[in-house]
Asker: 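Quick one: the structure is below, and I'll ask about it shortly.
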Amino acid sequence: MKKLLSGMRPTGPMHLGHLLGALTNWSKLQEKYECFYMVADWHALMSEYGDPSSIRKYYIEMVADWIACGVDEKKSVIFVQSEVKEHLELFAILSDMVPLPWLERCPTYKGQLREVRSRDLTTYGFLGYPVLQAADILIYKASVVPIGVDQMPHLELTREIARRFNSMYKDVFPEPEALLTEVPKLLGIDNRKMSKSYNNFIALGDSEDIIRKRIASMITDPERIKLTDKGHPDICNVFSYYKIFKPDMQKDVEDWCRNAKLGCTDCKKRFAEVLIEYLKPYTKKRNSLLKDKGYIEKILKEGAKKASSVTSETIAEVYKAMKMR
Ligand code: TRP
């Protein structure tokens, strides 16, 4: 089987966006590839260096969420980046041969510097973010990398770095391909992109009460003010949630709205119950996993061991290719 690697930064709780955008896909991919799923804690540190203690809390919960959503620790290697030191070793080696302008002109780098106000990202480490990501991928000689479109520039850089290494020394690294899958578009409860930084998400670990409150605060059709006003489901985010999480109710919801049979408040109340029901199996599994954090730690220890058996081979090959050994 071909190797696949992906990772997430433990900088906040897992939410519906992760469930639909990545995790459902990750669990399917286990059937076709040898999968490595990584907690990117060094990458998290590049922005969270002011308060690194939160990283650990998030990653234990994150791994519980991954498993609850179908990532199977028996099929895939689940591990924490900082427990596999060769990532950093390859990062250091690659850093020496990556031209500075490749990093300075990276659109994600320029974008983050412009947009992120709460942290100082004008650091040496943050500039090297994509080089570490390239090391993550290349150290496993992964052929496929499932990512969101926002990560495409990093994958392009990884391919360029692989080509540069191969042509300078020896053909060691395959050029990895991105795996961009079609995912249903899910906006946050304020109609912007669902994101931790906007605080507009519904987390997989949210209690039923919080889910009810969050759904109640969703924006519906702004032109529907009174109950008797006819609504426009096509511009209503609650309707798009119904379509994703309970498609068999779509016709009814359209009828309630277009024909002014049910008010938005009640429509949202009903949706909250739909979502709570939908999430129940995940919530149950996640909470039971979190009762035994030792088990999660054990999975991660074993994962790091399996990962290391691959990375130690690659790094030996790298030194040899460079004639340093
Ligand atoms: N940069 C990725 C993100 O923020 C996380 C990540 C780190 C990653 N290393 C990776 C993703 C390697 C894919 C492959 O989403």
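Counting convention: from 1, in listed order, for ligands and their atoms alike. What you are looking at is a predicted structure, and each value in this text was computed from that prediction instead of being measured.
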Asker: Using a cut-off of under 3.5 Å, which N/O atoms of ligand 1 pair up with protein N/O atoms, and what distance separates each pair?
Answerer:
| unit_1 | atom_1 | unit_2 | atom_2 | d |
| --- | --- | --- | --- | --- |
| ligand 1 | 1 (N) | Y129 | OH | 2.6 |
| ligand 1 | 1 (N) | Q133 | OE1 | 3.0 |
| ligand 1 | 1 (N) | Q151 | OE1 | 3.0 |
| ligand 1 | 4 (O) | R9 | NE | 3.3 |
| ligand 1 | 4 (O) | Y129 | OH | 3.1 |
| ligand 1 | 9 (N) | D136 | OD2 | 2.7 |

Asker: Taking only residues two or more places apart in sequence or in another chain, which ones pass side-chain contact (heavy atoms from CB on, under 4.5 Å) with S82?
Answerer: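 Only D41, W42, V80 meet the side-chain contact (heavy atoms from CB on, under 4.5 Å) criterion with S82.
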Asker: Mind checking the CD1-CG spacing from I67 to D72? Nearest 0.5 Å is all I need.
Answerer: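 If I round to the nearest 0.5 Å, the distance is 8.5 Å.
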Asker: Indicate yes or no for a side-chain donor-acceptor contact from Q30 to the backbone of S27 under 3.5 Å, with no hydrogens or angles considered.
Answerer: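 Confirmed, Q30 side chain pairs with S27 backbone.
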Asker: How would you list all residue pairs meeting side-chain hydrogen bond (donor to acceptor under 3.5 Å, both in side chains) that involve residues 271-282, not counting sequence neighbours?
Answerer: R212-E273, E277-K280
Asker: Which ring-ring contact (aromatic ring centres under 6.0 Å, His included) pairs, counting each pair once, include a residue from residues 131-178, with sequence neighbours left out?
Answerer: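 Of all non-adjacent pairs touching residues 131-178, those that pass ring-ring contact (aromatic ring centres under 6.0 Å, His included) are F36-Y140, F79-Y140, H87-Y140, Y129-H154, F165-Y169, F165-F173.
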Asker: Whether the Y58 and E48 side chains hold a donor-acceptor pair (N or O, under 3.5 Å, no angle test) is what I'd like checked.
Answerer: no
